[in-house]
Amino acid sequence: MAKQVTSRSDETSPGKQRRMMGFCWSRERGNRPHCTCHYGLHCAGWVGPTLLLCIYGFCSMMRPIEPFMTEFLTGTYKNLTTGQVTRQVYPVWTYSNLVLIIPVFLVTDFLRYKPIIILQGLSYVVAFLLILIGPGVYSAQLAFFFYSFASVADVGYFSYIYSMVQPHYYQRVTSYARAAVLVGYASGGLLAQLLVSLGGVSLYCLAVVTFVSLCAALLTSFFLPMPKTSLLRRETSGSGSHNSFTWTGKSRTAVRHAGRMLKRLLLDCKACYSSVTVLFFCMWWAAGRCGFYQVTGYIQVLWVYRQPQHNFTAYNGGVDGIATLSGAAASIAVGHVSLEWSVWGELVLGGFSVLIAGALFLMDLTNNIWLNYACYTLFKTFYMQLITICTFQIAKTLSRERYALVFGVNSFVGTVLQSVLTAVVINSKYLHLTITSQFFVYASYFAAIGLLFTVRGVCTVFHANQPSAGDPAERATDLPEVSRL
């Protein structure tokens, strides 16, 4: 074995080795021939791509203008009305997600992730450039279309690093990549609040800072090393299928390749969703995601409505930053809770969904802006805690190659639900709901979810405590064995 490694290193020049490794600090690896692998990312080699991806994630999420986006669009800079922003601009993001999510999901693996990350960074730059200099409703709608593409391209963010490192690094790099996103988002909100409250900085300057941060993210994305292969093709080659597909392949080969992938995706979907336990966690993941994005998308409109008219400094950025950090802390804490999640998980989802509904009902009923801020912090904290529970309950029953498939399908279902909710609540020609009535609908939506999962959770706990119920762990892992392959 050592002889084979030595022969490979003799055949490859130092310059070529560096090109194969990408940004992985190959000088530190020069005296470690035993660390060489196909991806060039054993040992210290995972640090470079992970560091670059984390820098990209931080800069792309450090967007100080976002907590004040509604005020920016309805202020003197854009002169849009609240009705135009609510009914004509913001819904573009939801409907564009529905159109773009499937094509982006299908081409992400084929393009091997890095081009998707670059396109995401470019879309962010174009979107906020239009927000800065574009006049009128149409430029704002076009900006949110590009913003939508950037949002659905998030699938390439984590998939990229999984394709670059070996499986025993997955947990570590996932924590770093997710932390970079959360810290970036929280930093953007807190920085915006400090600049507005203490520095008297205008919202236009916040938009400029956001644009500069996104340009830095786009620049960073070009330095990411290109993966040698994708996650799906890695698994295919490992299972004995060696039919290669290249950019220069014939169209017939492309059709066969697409047909094989589609057939495989359908079989994987059937295998993954045949477990009732996994199906219920996926249902909450999709439904909760729909409600979360609907609330966070229109919360600023409610805050503008609730704010005192004179001599009031908005604290949107500080509240959003604190809520994000609180949610991150709750997500970390729930990972250390010792509980039989296969038995109690659905009941926990139902109970906290009822608390989320209560917070939203209170936001609808009270006119106090500070109570609205507090309820929103609770809402975001509870949601991030519950979505974490769903994520690890789903993920622990799947092989890593099924992650993108299952969570991609869940995201699509959530986007469909959100589009329906937007069409009924926001764009309906007959209802004409006020912003407070809209939040009453969102509260009722989470109350229905809470009732469903509470009833399901009580039944699960009751059957688990019956002598004939069998081992709860066996019932919870009734996913067909094919999905673990």
Side-chain angles (χ1 to χ4, degrees), residues 61 63 65-67 69-70 72-74 78 80-106 119-120 123-124 126-128 130-131 134 137-155 185 283-304 320 356 360 376 379-380 383 387 407-446 448-449:
M61 293 301 293
R63 305 191 289 257
I65 190 58
E66 280 203 353
M69 182 62 74
T70 300
F72 180 77
L73 294 176
T74 57
K78 295 297 178 183
L80 302 180
T81 66
T82 303
Q84 287 175 323
V85 172
T86 304
R87 302 184 187 280
Q88 298 182 42
V89 177
Y90 285 168
V92 171
W93 180 84
T94 302
Y95 298 137
S96 299
N97 274 0
L98 182 63
V99 174
L100 294 172
I101 189 169
I102 290 182
V104 171
F105 172 73
L106 291 177
L119 288 175
Q120 181 187 46
S123 298
Y124 274 135
V126 173
F128 281 88
L130 288 171
I131 289 174
V137 173
Y138 293 114
S139 65
Q141 290 176 329
L142 185 59
F144 274 80
F145 172 79
F146 281 102
Y147 186 85
S148 173
F149 179 87
S151 299
V152 299
D154 270 340
V155 66
Y185 190 84
M283 287 172 57
W284 197 100
W285 200 98
R289 180 185 186 275
C290 162
F292 175 76
Y293 281 112
Q294 199 70 12
V295 170
T296 55
Y298 294 91
I299 187 62
Q300 294 178 35
V301 180
L302 180 65
W303 286 345
V304 169
D320 214 2
I356 287 176
L360 294 176
Y376 177 75
F379 162 77
K380 196 166 187 177
Y383 169 79
I387 203 69
F407 289 115
V409 172
N410 292 347
S411 297
F412 175 72
V413 174
T415 303
V416 171
L417 291 175
Q418 188 182 357
S419 299
V420 173
L421 197 58
T422 300
V424 173
V425 176
I426 306 296
N427 294 129
S428 175
K429 297 181 180 179
Y430 306 103
L431 296 180
H432 297 291
L433 298 178
T434 63
I435 187 62
T436 54
S437 300
Q438 292 170 23
F439 270 77
F440 179 83
V441 174
Y442 304 150
S444 302
Y445 173 82
F446 273 102
I449 295 174

For this session: Would you name the heavy atoms of Gly291 and Phe379 that are closest together and state the gap between them?
Result: O-CZ, 4.4 Å
Exercise. Does any N or O in the side chain of Lys380 come within less than 3.5 Å of the main-chain N or O of Phe292, such that one atom is a donor and the other an acceptor?
Worked result: no
Seminar exercise, completed: Output for pair (Ser419 OG, Asn97 CG), nearest 0.5 Å, gives 7.5 Å
Exercise. Mind checking what makes side chain to side chain contact (heavy atoms under 4.5 Å, CB included) contact with Leu119, not counting sequence neighbours?
Worked result: Phe149
For this session: Determine the interplanar angle of the Tyr293 and Trp93 rings, folded into 0 to 90°, and report it as parallel if under 30°, tilted if 30 to 60°, perpendicular if over 60°.
Result: tilted
Exercise. So do Leu98 and Phe412 actually touch side chain to side chain, heavy atoms under 4.5 Å?
Worked result: yes
Exercise. Between Phe145, Phe144, Tyr95, Tyr147, which is the residue that forms a ring pair (Phe, Tyr, Trp, His ring centres under 6.0 Å) with Tyr90?
Worked result: Phe144
Seminar exercise, completed: Note: Pro91 and Val85 closest approach over all heavy atoms is CD-O, 4.2 Å
For this session: For Ser139 and Leu130, indicate whether the former's side chain and the latter's backbone hold a donor-acceptor pair under 3.5 Å.
Result: no
For this session: Determine, step by step, whether Phe439 and Ile299 satisfy the side chain to side chain contact (heavy atoms under 4.5 Å, CB included) criterion, reporting the C-alpha distance in whole Å, the side-chain angles of both residues, the deciding distance to 0.1 Å, and the verdict.
Result: CA-CA 9 Å; Phe439 270 77; Ile299 187 62; 3.9 Å; yes
Exercise. Between Arg289 and Thr415, does a side chain to side chain contact (heavy atoms under 4.5 Å, CB included) hold up when you go through it step by step?
Worked result: CA-CA 8 Å; Arg289 180 185 186 275; Thr415 303; 3.3 Å; yes
Problem set entry | All side chain to side chain contact (heavy atoms under 4.5 Å, CB included) counterparts of Val304, not counting sequence neighbours | Thr70, Glu71
Exercise. Do Phe105 and Ser411 come close enough that some side-chain heavy atom pair is under 4.5 Å?
Worked result: no
Problem set entry | Donor-acceptor contact present, side-chain Gln141 to main-chain Gln88, <3.5 Å | yes
Problem set entry | Main-chain N/O of Thr296 paired with Tyr376 side-chain donor or acceptor, under 3.5 Å | no
Problem set entry | side chain to side chain contact (heavy atoms under 4.5 Å, CB included) partners for Gln438, two or more places apart | Thr86, Arg87, Val425, Ile426, Leu433, Ile435, Tyr442
For this session: Calculate, to the nearest 0.5 Å, the distance between atoms CD1 and CD belonging to Ile131 and Glu66 respectively.
Result: 8.0 Å
Exercise. At their closest point, which heavy atom of Gln120 faces which heavy atom of Ala150, and how far apart are they?
Worked result: NE2-O, 2.8 Å
Seminar exercise, completed: Rounded to the nearest 0.5 Å, the CD atom of Gln294 sits from the OG1 atom of Thr94 at a distance of 5.5 Å
Problem set entry | Separation between CZ of Phe146 and CG of Leu100, rounded to the nearest 0.5 Å | 10.5 Å
